[in-house]
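All remarks here apply to the structure that follows.
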Amino acid sequence: MFQQAQQNTQVFWQGASGRSYTTYLHPIGTRYRPIAGVYIACHQRSDGRWVADYIGEAQNLDDRIGAGLQRHHKLERMRRAGATHLCTLAVSGGSTERLGIERDLRHSCRPSCNDQ
């Protein structure tokens, strides 16, 4: 059974550019509205800090990490890395903006499951 996304827990991530991104934390298995955005598969360390395991972008978050999560090409690798949650950021500016944010976060967080 899926849990509907509720945007109440915020996690802040800093990109390589110095820009701060406010994301919303959800357990893996959450369903999302069909909106475009950037997502971070992550887990929490014992000191309370969040660690990014994979960072991606999608035209439709529900198709990619909600209802469509079982088809994600990195799902098993994310799970092996310890990912328990997904942080999401709605992005309405199109694929160029999403890819820019994804790249900025990847260069800062260096998630273990991204190949770039």
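Note that this is a predicted model, so its numbers are computed, not measured. Count residues from 1 along the sequence.
Across all non-hydrogen atoms, the minimal contact from Ser108 to Ala16 is CB-N, 3.2 Å. When all heavy atoms of Thr30 and Pro27 are compared, the closest pair comes out as OG1-O, 2.7 Å. Residues Ala52 and Ile40 share a closest heavy-atom pair of CB-CG2, 3.6 Å. Heavy-atom minimum distance, Tyr24 versus His26: O-CD2, 3.3 Å. The two residues Gln44 and Gly48 make their nearest non-hydrogen contact at NE2-O, 3.0 Å. The minimum heavy-atom distance between His72 and Ile65, with the atom names listed, is CD2-CG2, 4.4 Å.
Here the straight-line distance linking atom CD1 of Ile55 with atom SG of Cys109 works out to 4.5 Å at 0.5 Å rounding. How far CG of Leu105 is from CZ of Arg19: 9.0 Å, rounded to the nearest 0.5 Å. Taking SG of Cys113 as the reference point, atom CZ of Arg79 lies at 12.0 Å (rounded to 0.5 Å). In this structure, CZ on Arg103 lies 11.5 Å from OG on Ser17, to the nearest 0.5 angstrom. Note: Ser92 OG to Glu97 CD = 6.5 Å, rounded to the nearest 0.5 Å. The CD atom of Gln10 sits 11.0 Å away from the CG atom of Leu89 when rounded to the nearest 0.5 Å.
Every residue two or more places apart in sequence or in another chain that forms a salt bridge (Lys or Arg N to Asp or Glu O under 4.0 Å) with Arg98 is listed here: Glu57. The salt bridge (Lys or Arg N to Asp or Glu O under 4.0 Å) check on Arg71 picks up nothing, with sequence neighbours excluded.
Contact check for Leu25 versus Cys87: side-chain heavy atoms found under the 4.5 Å cut-off. A heavy-atom distance below 4.5 Å is found between the side chains of Asp53 and His43. Using a 4.5 Å cut-off on side-chain heavy atoms (C-beta onward), Val38 and Thr88 make no contact. A 4.5 Å side-chain heavy-atom check between Ile28 and His85 finds every atom pair outside the cut-off.
Taking the charged nitrogens against the carboxylate oxygens, Arg31 and Asp62 do have a contact shorter than 4.0 Å, which makes a salt bridge. Using a cut-off of 4.0 Å between Lys/Arg side-chain N and Asp/Glu carboxylate O, Asp115 and Arg77 are scored as salt-bridged.
Taking hydrophobic clusters as Ile, Leu, Val, Met, Phe, Trp and Tyr residues chained together by side-chain heavy-atom distances below 4.5 Å, Val51 does not share a cluster with Leu86. With hydrophobic clusters built from ILVMFWY side chains whose heavy atoms lie under 4.5 angstrom apart, Tyr39 shares a cluster with Ile35.
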From CA spacing to verdict: salt bridge (Lys or Arg N to Asp or Glu O under 4.0 Å), Arg49, Asp47: CA-CA 6 Å; Arg49 294 188 60 154; Asp47 65 3; 5.1 Å; no
Exercise for review: Would you please test Arg106 and Glu102 for salt bridge (Lys or Arg N to Asp or Glu O under 4.0 Å) and show each step?
Suggested key: CA-CA 6 Å; Arg106 276 190 295 103; Glu102 175 195 16; 3.8 Å; yes
Practice task
Show your working on side chain to side chain donor-acceptor pair (under 3.5 Å) between Thr23 and Trp13 and close with a plain yes or no.
Solution key: CA-CA 8 Å; Thr23 64; Trp13 300 88; 3.2 Å; yes
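At distances below 3.5 Å, not a single donor-acceptor pair connects side-chain atoms of Asn60 with backbone N or O atoms of Pro34. Although no hydrogens or angles enter the test, the distance criterion places no donor-acceptor pair under 3.5 Å between the side chain of Lys74 and the main chain of Tyr54.
Between Tyr32 and Asp63, the side chains place no donor N or O within less than 3.5 Å of an acceptor N or O (distance only, hydrogens not considered).
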